[in-house]
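Written out below as structure tokens is the structure these notes cover.
Chain letters run A, B, ... following the sequence lines, proteins first and then strands; every chain starts at 1. Owing to the predicted nature of the structure, the values given are computational and were not obtained by experimental measurement.
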Amino acid sequence: MGERFARVVVDSRLPQLDRLFEYRVPPGLEGVEPGVRVRVPLRGDRMTAGYVVEVADARAWEGEVADIEKLVSPVPVLRPEVWALARAVADRAAGGAADVLRVAIPGRQARVEKAWLESRAGDAAPPPPPPPLPEVLETAAVLPGLVEARRRIALECAGGVAAVETAEGTAWIGRWAIALAALARQALERGEQAILVVPDHREQRQLRLALEAVVGVERVVELDARQKNPERYRGFLRCIDDEPVAIIGPRSAVYAPAARLGLLAVWEDGDPLLAEPLSPWVHARDAALVRQGQSGCALVIAGHARSTDAERLVELGHLEHERLGAQRVRVLPAALADDGRRVPASAFAAARDALTSRPVLVQVGRPGHAPGLRCADCGARGRCTACGGPLGQRSRGAAPACRLCGRLAAGWRCPSCDGQRLVPVGRGSSRIAEELGRAFPGVPVVVADGAHERLTVDARPRIVVATRGAEPVADGGYGAVVLLDGDALLAHEGLRVAEEAVRQWAAARALAAEGATVVLAGVVGPAAAALTGDTTVPFAKAELAERRQLRFPPAVRTASVVGTPDAVAEALEALEGSEHLDVLGPVAVASDDRARPGDEVQRAIVRFAYGDGPRVAGIVRARVLTAASRPRRPGAPARLRIRLDDPEPFDGL
DNA sequence: AGCACGCCGACT
DNA sequence: GTCGGCGTGCTC
């Protein structure tokens, strides 16, 4: 056999290195196949990690070719489909493929890998056939034939909880999880895999329990970021085994190495947690859309509330609208009590009724005792003397402390009147809990927030005060749900404020038992109407129509262009001449880190049509490339940074 | 990123 | 004559 050559993607953030490099496979080096990890020399004898993408008998590069330095591992961790996905996703986001791979492929764990290789080594004994699927009758009724027909749907799930039987006993979970598990089962029945992406471990737990009941525990692979590294890597390697399994995990699971993908589902696609916080900041929904286009699998974009993004795809005809279940609760908008407290009278009545037999959920906006403090004498807002952040109180009688930097405000003196006493502004979870405890003597009160995580509560009557997104699942569902602080939530300026409020309310409403009362306090208007109605789709439609009018996302795509004035100007010039493109700015922005005089930083926002995406991404990527190769001061930020579909500039609109 | 290559000012 | 400034380009 003649010489072999490998094309390698190197693990580097530099846009200049975002392409394949060709290396010779040195004679005698076994195991160099597509997908394996290698170490290769790049520029002299400096070594870089990389993945083999292709192997060929002939060289394509005319220049000098170096040898692969070493095979790091023979496990093909980068499957061809995932490489194609990473490349396409990076191109769409004007970023580097290696950055996507860093999210897609977990770090190697040598011990785990060794065990996996040994378990595979005995080719003589083929792996036992996967265990039969458990008999679960009612799941066949959930959108039958969806996977086989390769349908693409936007799914609005009505709420409700249900009990499932697992190895550890009975567990109560959201009905949505059973629906998704039933759809995953369709893929598994065909010998295919399913990837189910969830925002965080709370939803992942429910989905895991649903899958244990619907497809069996042996067929579930978890890719949880909270797992320890070895455990995570073990799950990742199980995906490569190519067995029909359901793969569940956070946003990075959308890149799982599944070769025979029957179904790709994204749950709660409106949740901001599904946006990757690393370059190139790809949202799992967008990655899922790209992957579906490449693999042709069935696609489910689902949530308790329809996102404007999903609704856009429905109106475009790319997704079909579907709905599961029916709203079996009563939502009552209620005015705030006029005694200055936040809990409306109707909420007290609903809670009193429900507490005879069931727990009651109270959703609040902020954790702690008092989210704010003010001077008892002049009313001035209490601010941190060190950083200017707002002062708050974690619990009753606790020392006032800065909510931003955590510094204790001991010996605080009002800067305007020299007063020394601070009084609380607003009510956090623990203060609401105290007040409700007094109002319902003898009823236990529990708090669930970021600091006190609580995933479940049993069916006994009690009051559960939870911050948004931290609500426990109650056995049998809550007898009443009270949604507080909606007025403060909607008072924020921001493009997605109302949409996000509806999403969070709908998620809490979904935890109610059948026939329960949901009280929405102090909110009127379209967002309230979205929750009292049977479906959130009209609300999403109206929101989307308004954004179309204003040319705001997701009606358009955006690129935020940040950098030195000359680099920004050059980038904007390169983009000129598109019909459906407009530019906001540039404006001067606070130059971040070690700014020096003359280091002016500007920002412009470019809005463009989805159809122009490839062209715009290509142009801005080329501008980043030229800007990167120009000299700059050591330690200074890049001359030009471009981020596509950055929600941040619109947060304040 | 880092590092070599390359073409203009003040030095032994 | 040469040493060295850092603008420009490249990494298989």
Can you check the A:Glu54 CD to C:dC12 P distance for me, whole Å? 18 Å
Compile the donor-acceptor pairs under 3.5 Å between side chains in residues 225-234 of chain A and protein atoms, sequence neighbours left out, one pair per line.
unit_1, atom_1, unit_2, atom_2, d
A:Gln227, OE1, A:Asp224, N, 3.0
A:Tyr233, OH, A:Arg37, NH2, 3.2
A:Tyr233, OH, A:Glu113, OE1, 2.7

Heavy-atom contacts under 4.0 Å between residues 8-22 of chain A and DNA chain C, which residues? A:Gln16, A:Leu17, A:Arg19, A:Phe21, A:Glu22
According to a 3.5 Å limit on both distances, what stems of 3 or more consecutive Watson-Crick or G-U pairs are formed with DNA chain C? B:1-11 with C:1-11
Checking A:Thr564 now: which residues fulfil side-chain hydrogen bond (donor to acceptor under 3.5 Å, both in side chains) with it, not counting sequence neighbours? A:Asp566
Check the distance between B:dA1's P and A:Leu625's CG and give it to me in whole angstrom. 12 Å
Is it the case that the side chains of A:Ser560 and A:Arg641 hold a donor-acceptor pair, with the cut-off being a distance below 3.5 Å and no angle test? no
Write down the distance between CD (A:Glu69) and P (C:dT11), rounded to a whole number of angstrom. 20 Å
Please list, chain by chain and in numerical order, all residues satisfying side-chain hydrogen bond (donor to acceptor under 3.5 Å, both in side chains) with A:Asp242, sequence neighbours excluded. none
Set of residues satisfying side-chain contact (heavy atoms from CB on, under 4.5 Å) with respect to A:His580, sequence neighbours excluded: A:Ala609, A:Asp612
Heavy atoms under 4.0 Å, any strand shown: does A:Arg24 hit a base, just sugar-phosphate, or nothing? nothing
Name all residues meeting the side-chain hydrogen bond (donor to acceptor under 3.5 Å, both in side chains) criterion together with A:Arg13; count only those two or more places apart in sequence or in a different chain, and write none if there are none. none
Protein-nucleotide distance (A:Arg59, atom CZ; C:dC12, atom C1'), rounded to Å: 9 Å
Could you work out, with salt bridge (Lys or Arg N to Asp or Glu O under 4.0 Å) as the rule, every residue matching A:Arg205, not counting sequence neighbours? none
Acceptor/donor pairs from residues 86-103 of chain A side chains to any protein atom, 3.5 angstrom cut, sequence neighbours excluded:
unit_1, atom_1, unit_2, atom_2, d
A:Arg87, NE, A:Asp91, OD1, 3.2
A:Arg87, NH1, A:Asp18, OD1, 3.0
A:Arg87, NH2, A:Asp18, OD2, 3.0
A:Arg87, NH2, A:Asp91, OD1, 2.9
A:Asp99, OD1, A:Arg102, NH1, 3.0
A:Asp99, OD2, A:Ser279, OG, 3.3
A:Arg102, NE, A:Asp11, OD1, 3.3
A:Arg102, NH2, A:Asp11, OD1, 2.7

Could you tell me how far apart A:Arg43 (CZ) and B:dC5 (P) are, to the nearest whole angstrom? 9 Å
